[in-house]
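Inspection log for the structure reproduced underneath, given as structure tokens.
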Amino acid sequence: MEYAFLLDLGRCIGCQACVASCKVGNELGEGQQYIELIEKTNGEFPNLTGGWDNHRCFHCADAACVTVCPTGALFKEDGLTRLERDVCSGCSYCTEACPYDIPVMYEGKSSKCDGCAATVSAGGSPWCVGTCPSAALEYGPREVIQAEAHKRAEAMRDRYPNAHVYGETQAGGLGLLVVMPDDPELLDIPIDPKTPFMADAWQKVVQPAAVGITLGTAVLAGAAAVISRRNHEQEMVVIEAEGLVRDSEKSEEG
Amino acid sequence: MARIKLDISRRSFLKGGLATGGLALMSPTASIDSAVGMLSADDPWYREGDIKTTYNVCDVCPWRCGVVVHTVNGIVRKIDGNPADPKSRGMLCARGQGGVSFMYDPDRLQSPMIRTGERGSGQFKEVTWEEALDYVAAALLQVKDKYGEEALAVFGHTSGDHWFADHFAQAWGTPNAAKPSSSLCLSPRDEAATLTYGSAVGGHEPVDWDSIQAFTLIGSHIGEDARNTLMQDFANAQARGAKVIVVDPRFSSVAAKADYWLPIKPGTDTALMLAWMNVLITESLYDAAYVEEWTEGLEELAAHVAEFTPDWAAGITDLPAAQIRETALVMAENMPAAAVIPGRHVTWYGNDSQRMRSTYLVNALLGTYGREGGMYFNKSVYLDHYPLPPYTVTGSSGGCSAEPGEESAELPLGPTGKARADGVRESFMRGPTAMQELIDPMISGDPYPIRALVAYGVNLLNSIPNPERTIEALKALDFVVAIDVLPQEHIAWADVVLPEATYLERYEDLWTVPHKTPYIAMREPAADPLYDTKPGWWISRELGMRVGLEDFYKWETIEEWIDKRLVSVGSSLDDMRAQGGVIVQKGKPYLEDFDGASPFHTASGKINLYSEELAEAGHDPMPVYEPTDEPPTGYFRLLYGRSPVHTFAKTQNTPVLNDIDPENEIWVNVDAAEQLGVKDGDYVMLENQDGARSGPVQVKATQRIRSDAVFMVHGFGHNSPGLTRANGKGASDTKLQTRYKLDPISGGAGMRVNFVRLDKEGV
Ligand code: SF4
Ligand code: SF4
Ligand code: SF4
């Protein structure tokens, strides 16, 4: 069955209970966080609007991080994007590939929300959901969450005429459905998250190369070789030099 | 939506793991036996061994949510809300989640200590409890012999304060026991309430959130002030479509959720409320039937507010007159389900009782008291006290745990005939003992000497304004004992330090909460005390036994005390545990529950719009707007508030909470910052009107604040090397509060009367 989170930004008040519960429940290390609350403000005093960007994994169906992950540490399961940190090799491709800029490297391995896989398998709810005082977070079968999200968006339209559900179309459909009171870009959340060049390059070029498919051009072979070097900085430079970045961006815009 | 809670029985973990096909830890074919065999150090904590669950009451802030604590192999791992608890309802704020980390903070005080160096040097030797307690007892008895019982001051905060600021102090015989939650926080609110409608607001503000239709928050920052229940109630009410009016010079988290944000000029709130009353009365929008039946003094009030029109208030508050009138109309349309919420920490400008009274008068005109969706009447818990001989002196420490209705009509006298030394009846009218007013007597000996201090859980230098004066007092005293969990800054000034076990390591007296559904909550230890620490009740008892107060400590263990009290409700600790850690009783929230009798404990049984009592004491019988001093040129008014991740000056060093929010910032309006040539992210020093300086603090240049004030979160800027994470991080607002303005009614210390300038030098 597909599961999903609900994040209701009409309700979220930025209290960070989710952050703390996640850190304690998941035994995260110093400086490690799966959720970050970022205050956003628009307008000029005193004509202001504002809210909280909950910077946390959106659990994309077409998850760029999974696409580029060479080890299988990142994988899809039950509609969510799991991460087995033990398996992660530390290549950090996912940190570049994610259109939402979510995974970070922590102690040499990728670090991001895995939907509390272990806790849920033990019969619990994800730690953030269990504690959110505002009931801005819920978790359950995707259909139930989707219905609830629409109900909530509908109910808040008197106050927020642009309220809608975000995440039904983005990146193939998100496992974190957001009840969005207004334009997501006001919170710096992209309306149309771009599959960035890395994922694109990997999918079209490097992955085939890695599984041994014969490559026609020097450009592609070069990209594959670069990536295998696992030197992130250099990769970027080389891939950019080869023109992959611009091409992939163009193809998305078109 | 229903939430799944972690089912904490081990068997169901395994079952759950297998049922979902294994996931990460178990292959689908694994048997339970082999699954157990697979457990390793990398397993999540809840698979490392049997989970022991205990009931507790969170002590990270004074709100006291009921929690369940999960302990595995003797180590406390996770705290969650107790679903049966009327405050937490199964959820917790960030601070409550950080409780485990508070307990395992390696910086904790670990052993009793006696000072070896100068006071303030922080030099101590570790001693046994026996030695430390004997030493304290001898010192206290010496002060008593020389100066009388009243020469001992007892300051208490946090959930064990009862054992010191109430029980010990009253048994010993000093009227000089004080809690910061009174005069540094709630006194104006509760004295004004008692003068107006006959009872204090009460620790759990009786707002009938479930059916509220419109509400007004004045300088109250739900979401930054992370009291768990309030965040829940607010989110539900707002989502239901209740109209939200927020009055705040700052675009706070809750202002960003408001339907009406009134960015008021600081210090002018009373003018706004007078104008609201003007609109409600002159436009005949108030609840006439309610006002007729339940209030006294409408005629006087109508005459009083006649001139305070929205236009008049606009010039004072810096708010458009139309917005003032419009918000009054919103309240009137929704009355009586339209409460003006009594906030917390109301000691702002020294006229705070009058400001609070004006909020109650608006509520009275809207008919909110005792009405659905307004302000309900909270009811005290039915539970016997532990049987004790009469105390030597009646208590007057107040505090947010005080039961509503406890007053101090007659000043209690100590055994040598002395009343409180805080100047009550002279410099202020009434209310609980004012902590900040006991500092001068420690230095001057006037009206009589206070020579010793027991400080339990109070950060003396980060809560009482004018910390330099407090240090002078600490130098002057004959004897200081500090009982605490962490090496807070004032610890260095103590003669003896007694390390306390945290709330997760001890039993505690029952928690009794006056509420819509009054309830009793229990605390039991989740693990043994770490290091050589002891529970507060034990320390209080050991001291009592050593200073001749055996009659007040005729119980061996706290369990015995608790069980005795529970007999009166036909329960026991075991029974409470079996029932889920909470006993909920019935309340009488609404007017109709009183069958025509008055629920207002005033002389007339009515709400005093006009207060004879105030008039007789020489105060304005109805609130008057008094301007507060303006910031000098180049200075901003210093406002302060909360981070949702921290409590007072208590949690900045707590590893998990420190990790999330390690230092405070100074909020400065973007335009003002630009004029000063400082940028977002720059570090600056703050200097106040008296030359007091903070440490370096980061600038947050933001649209979210007026340009005449700056704002910072309280509690940072610690100056104690023992707090290895928090020491020197951010700036201390208390350090910049060299002045305060005494509220002549309640004795509250108004602290928003300080001004600072930003200084780029010396960073
Ligand atoms: S706990 Fe809930 S309200 Fe608080 S920050 Fe997280 S999502 Fe927002
Ligand atoms: S948000 Fe980023 S990390 Fe999360 S699933 Fe999508 S691509 Fe992966
Ligand atoms: S509001 Fe938070 S810190 Fe305060 S008692 Fe509740 S959980 Fe604890």
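The basis for the numbers below is simple: all heavy atoms, side chains too, and nothing from hydrogens, waters or symmetry mates. Lettering of chains follows the sequences in order, A, B, ..., and the numbering in each one begins at 1.
One distance of note links CD1 of Ile660(B) with NZ of Lys23(A); it measures 6.0 Å at 0.5 Å rounding. Gln16(A) CD to Leu657(B) CG: the interatomic distance, rounded to the nearest 0.5 Å, is 10.0 Å. In this structure, Asp80(B) CG and Ser125(A) OG are separated by 8.5 Å, a value rounded to the nearest 0.5 Å. With values rounded to the nearest 0.5 angstrom, Ile705(B) atom CD1 is found 12.0 Å from Leu48(A) atom CG. To the nearest 0.5 Å, the span separating CG on Leu37(A) from OG on Ser253(B) amounts to 9.0 Å.
Annotation: Glu30(A), atom CD; neighbour count of heavy atoms from other residues, nucleotides and ligands within 6.0 Å does not exceed 12. No more than 12 heavy atoms of other residues, nucleotides or ligands sit less than 6.0 Å from atom CD of Glu143(A).
Both the backbone and the side chain of Arg77(B) have a heavy atom closer than 4.5 Å to some heavy atom of chain A. For a residue to count as touching a neighbouring chain, one of its non-hydrogen atoms must lie under 4.5 Å from one of that chain's; by this rule Ile35(A) does not touch chain B. If you measure heavy-atom distances from Arg89(B) to chain A, you find no contacts under 4.5 Å at all. For Ile79(B), no part lies under 4.5 angstrom from a heavy atom of chain A. If you measure heavy-atom distances from Gln33(A) to chain B, the contacts under 4.5 Å come from the side chain alone. For a residue to count as touching a neighbouring chain, one of its non-hydrogen atoms must lie under 4.5 Å from one of that chain's; by this rule Lys151(A) does not touch chain B. Looking at Cys18(A), there are no atoms closer than 4.5 Å to chain B (heavy atoms on both sides), in backbone or side chain.
Contact between Gln97(B) and Ser21(A) at its shortest, heavy atoms only, is NE2-OG, 3.3 Å. For the pair Ala17(A) and Leu92(B), the tightest heavy-atom approach, listed with the atom from each and the gap, is CB-O, 3.4 Å. Scanning all heavy atoms of the two residues, the minimum distance from Val24(A) to Trp45(B) falls at O-NE1, 4.3 Å. Heavy atoms only, all atoms of each residue included: Arg704(B) and Thr41(A) are closest at NE-OG1, 2.7 Å. Considering every non-hydrogen atom in both Ala242(B) and Arg159(A), the closest pair reads O-NH2, 2.7 Å. Closest heavy-atom contact between Phe45(A) and Pro249(B): CE1-O, 4.3 Å.
Side-chain contact between Pro263(B) and Pro46(A) is present, with heavy atoms from C-beta onward closer than 4.5 Å. When side chains are defined from C-beta on, Arg11(A) counts as touching Asn236(B), because their heavy atoms get closer than 4.5 Å. In this structure, the side chains of Gln703(B) and Asn47(A) stay at 4.5 Å or more apart for every pair of heavy atoms.
Heavy-atom pairs under 4.5 Å with chain B peak, among Thr49(A), Asp158(A), Leu28(A), at Thr49(A). Considering only heavy-atom pairs separated by less than 4.5 Å from chain A, the leading option among Asp259(B), Val645(B), Val100(B) is Asp259(B). When Gly14(A), Gly25(A), Pro181(A), Gly51(A) are compared by the number of non-hydrogen pairs under 4.5 Å with chain B, Gly25(A) comes out ahead.
In this structure, the side chain of Lys257(B) engages the main chain of Gly10(A) through a donor-acceptor pair within 3.5 Å.
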Step by step, work out the salt bridge (Lys or Arg N to Asp or Glu O under 4.0 Å) result for Glu39(A) and Lys700(B). CA-CA 12 Å; Glu39(A) 183 189 280; Lys700(B) 168 170 166 164; 3.0 Å; yes
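We find that Glu27(A) and Lys78(B) are not joined by a salt bridge, their nearest charged nitrogen and carboxylate oxygen being 4.0 Å or further apart.
Inspection of the Gln232(B) and Ser134(A) side chains reveals no N or O donor paired with an N or O acceptor under 3.5 Å.
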